[in-house]
Protein chains: 2
Amino acid sequence: MNTNESSYRDKKVMSIGIVKELTGLSERQIRYYEKRQLLFPERTDTGIRKYSFSDVERLMEIADRIEEGVQTHEIRTELAKKDEKKAKDVRDQMIRGQINAHFHQKL
Amino acid sequence: MNTNESSYRDKKVMSIGIVKELTGLSERQIRYYEKRQLLFPERTDTGIRKYSFSDVERLMEIADRIEEGVQTHEIRTELAKKDEKKAKDVRDQMIRGQINAHFHQKL
DNA sequence: CGTGTAAGGAATTCTGACACG
DNA sequence: CGTGTAAGGAATTCTGACACG
């Protein structure tokens, strides 16, 4: 029941037109940030880009940093660091989950 | 922070192709259920339908009921009842929120 | 009643390029 | 470097209709 909700944020379901509306960015900008490796939309079999809500959030962060005069290269590094931290947190939680399950199994 | 998350479920952002993939239904079926008033996607200025994750969930429920041999007309009634109940729950929560806010304001 | 399909048109998205700087 | 734009093509979506039942 809770497993579902959070997956909505990461599910790649929107095409660029909606993302454009949600972020206020131009398609040109959205595609350019992808080329610079700031975000990673998926593609349909026929090549149409698909974005998630978290991609939208990320684009708004990117837009903020750009406005501050930060170059895409630096933003890329920052985001990569953030992503790695999140991945680590997820791994930690997984381990706790395992331990927890193991503990309860013993009862 | 929490206000955002739940809104993802109801935000109309997907076009019919994705909904088709997510639900396994045909475009024909999805559009037909709309005509029968079982769901209410939004439209872009140019007439393209946009669906939310909750629409996707709803379509899966609809598909189940159809498989059980229930007619769209009945499903419509069932869903309307459910929707009304949810709306009522939301109103109740709003009131509780008001009371709560009022209470804390007094302190 | 619920769904498939072919038909024609309109709207969307894609890429590579020229432009400015 | 970051972004706008016109260009041409491919993929998507829309509606109304014929079909079966």
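In what follows, chains carry the letters A, B, and so on, assigned in the order in which the sequence lines appear, proteins first and then strands, with residues in each chain numbered from 1.
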State whether [X] places a side-chain N or O below 4.0 Å from either non-bridging phosphate oxygen (OP1 or OP2) of [N].
X: Y33(A); N: dT3(D); answer: yes
X: R49(A); N: dT15(C); answer: yes
X: T46(A); N: dT12(D); answer: yes
X: Y32(A); N: dG4(D); answer: no
X: R31(B); N: dG16(D); answer: no
X: S15(A); N: dT13(C); answer: yes

V56(A) vs I18(A) side-chain heavy atoms within contact, under 4.5 Å: no
Rounded off to whole Å, could you give me the [atom1]-to-[atom2] distance for the [X] and [N] pair?
X: E34(A); N: dT13(C); atom1: CD; atom2: C1'; result: 13 Å
X: I48(A); N: dG9(D); atom1: CD1; atom2: P; result: 17 Å
X: I75(B); N: dG2(C); atom1: CD1; atom2: P; result: 8 Å
X: Q29(A); N: dC14(C); atom1: CD; atom2: P; result: 15 Å
X: L38(B); N: dG2(C); atom1: CG; atom2: C1'; result: 12 Å
X: I30(B); N: dT12(D); atom1: CD1; atom2: P; result: 14 Å
X: L25(A); N: dG4(D); atom1: CG; atom2: C1'; result: 14 Å
X: K20(B); N: dT12(D); atom1: NZ; atom2: P; result: 8 Å

Have a look at R36(B) and say if it touches a base, only the backbone sugar-phosphate, or nothing, with a 4.0 Å heavy-atom cut-off. sugar-phosphate
Does a sphere of radius 6.0 Å around CZ in R43(B) hold more than 12 heavy atoms from other residues, nucleotides or ligands, not counting ones at 6.0 Å or beyond? yes
Kindly check if the number of other-residue, nucleotide or ligand heavy atoms within 6.0 Å of NZ (K12(B)) is above 12?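 It does: K12(B) NZ has more than 12 such atoms within range.
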For Y51(A) and Q71(B), find the nucleotide of DNA chain C closest to each by heavy atoms; which residue's nucleotide sits nearer the 5' end? Q71(B)
Parallel, tilted or perpendicular, as decided by the 30° and 60° cut-offs, for the rings of F53(B) and Y8(A): parallel
Suppose we define a pair by two distances each less than 3.5 Å, Watson-Crick or G-U wobble; what does dG16(C) pair with here?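 WC or wobble partner does not exist here.
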Suppose we define a pair by two distances each less than 3.5 Å, Watson-Crick or G-U wobble; what does dA6(C) pair with here?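 The answer is none; no pair meets the criterion.
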Electrostatic pair R65(A):E68(A) at N-O distance under 4.0 angstrom: yes
Answer yes or no: side-chain N or O of R28(A) and base N or O of dT5(D) forming a donor-acceptor pair under 3.5 Å.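 Answer yes: a donor N or O sits under 3.5 Å from an acceptor.
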